Amino acid sequence: DTLSTFVLYNQKDSIKKFLNLVEGRLKGVGATIVYLIDDGVHDKQTLSLLEQGMDAIYTLSEFGGKFSLTIPEIDMPIPIKVGPTGIVII
């Protein structure tokens with residue numbers, strides 16, 4: 001499901017309360033939360049609000065039909081393939 005519609009039609013305070021509640025419950029049972037955010041959809045203030053509960057930000061990029069993954073621990077993009085079974089590091 002998407003948070004984008006919820007984020008677009010609710011006040012920042014309501015969004016923050018909702019995310020704190022959901023993130024707290026999921027982290028309490030050891031779950032991992034993944035937010036997929038398209039570039040340019042949300043303003044910086046909204047992104048900052050979403051990022052508050054994140055432990056790390058992983059970025060998937062596509063340039064000329066080639067995909068790469070950037071993670072905080074590694075200073076360079078990692079080439080990947082995206083397929084029906086998921087992501088494969090090349």
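The chain is numbered in sequence order, starting from 1. What's counted below: heavy atoms across the whole structure, side chains too, no hydrogens, waters or symmetry copies. The structure displayed is predicted, hence computed values, not measured ones.
In this structure, Val34 and Met54 have side chains that are not in contact, with every pair of non-hydrogen atoms separated by 4.5 Å or more. Taking the side chain as every heavy atom from C-beta outward, Ile15 and Gln11 never approach each other to under 4.5 Å. For the pair Ser61 and Ser68, the minimum side-chain heavy-atom distance is below 4.5 Å. A heavy-atom distance below 4.5 Å is found between the side chains of Leu3 and Leu19. Residues Ile33 and Glu23 have side chains in contact (heavy-atom distance under 4.5 Å, counting atoms from C-beta outward).
For the atom pair CD1 of Ile37 and CG of Leu60, the computed distance is 12.0 Å after rounding to the nearest 0.5 Å. In this structure, Thr59 OG1 and Ile71 CD1 are separated by 10.5 Å, a value rounded to the nearest 0.5 Å. The NZ atom of Lys16 lies 14.0 Å from the CG atom of Leu21; values are rounded to the nearest 0.5 Å. In this structure, Tyr58 OH and Ile87 CD1 are separated by 11.5 Å, a value rounded to the nearest 0.5 Å.
Cluster membership check: Ile74 shares its hydrophobic cluster with Leu69, using side-chain heavy-atom separations under 4.5 Å among Ile, Leu, Val, Met, Phe, Trp and Tyr. Note on Val82 and Leu36: separate hydrophobic clusters, where clusters join Ile, Leu, Val, Met, Phe, Trp and Tyr whose side-chain heavy atoms are under 4.5 Å apart, directly or indirectly. When the side chains of ILVMFWY residues are joined at heavy-atom separations under 4.5 Å, either directly or via intervening members, Leu8 and Leu50 end up in two distinct hydrophobic clusters.
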Take Ile78 and Thr70 through the test side chain to side chain contact (heavy atoms under 4.5 Å, CB included) and record every step on the way to the result. CA-CA 6 Å; Ile78 302 164; Thr70 305; over 6 Å; no
Side chain to side chain contact (heavy atoms under 4.5 Å, CB included) between Glu51 and Ile57, worked out = CA-CA 8 Å; Glu51 291 171 358; Ile57 297 174; 3.7 Å; yes
### Query
Is there a side chain to side chain contact (heavy atoms under 4.5 Å, CB included) between Ile80 and Val88 once you walk through the steps?
CA-CA 5 Å; Ile80 61 169; Val88 178; over 6 Å; no
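Environment of NZ in Lys27: crowded, with over 12 heavy atoms of neighbouring residues, nucleotides or ligands closer than 6.0 Å. Environment of CD1 in Ile89: sparse, with no more than 12 heavy atoms of neighbouring residues, nucleotides or ligands closer than 6.0 Å. More than 12 heavy atoms of other residues, nucleotides or ligands shown are found within 6.0 angstrom of CD on Glu62.
The stretch residues 4-42 participates, sequence neighbours left out, in these ring pair (Phe, Tyr, Trp, His ring centres under 6.0 Å) pairs: Phe6-Phe18.
Listed by chain and residue number, Lys12, Gln45, Thr46 satisfy the side chain to side chain contact (heavy atoms under 4.5 Å, CB included) test with Asp43 (two or more places apart in sequence, or in another chain).
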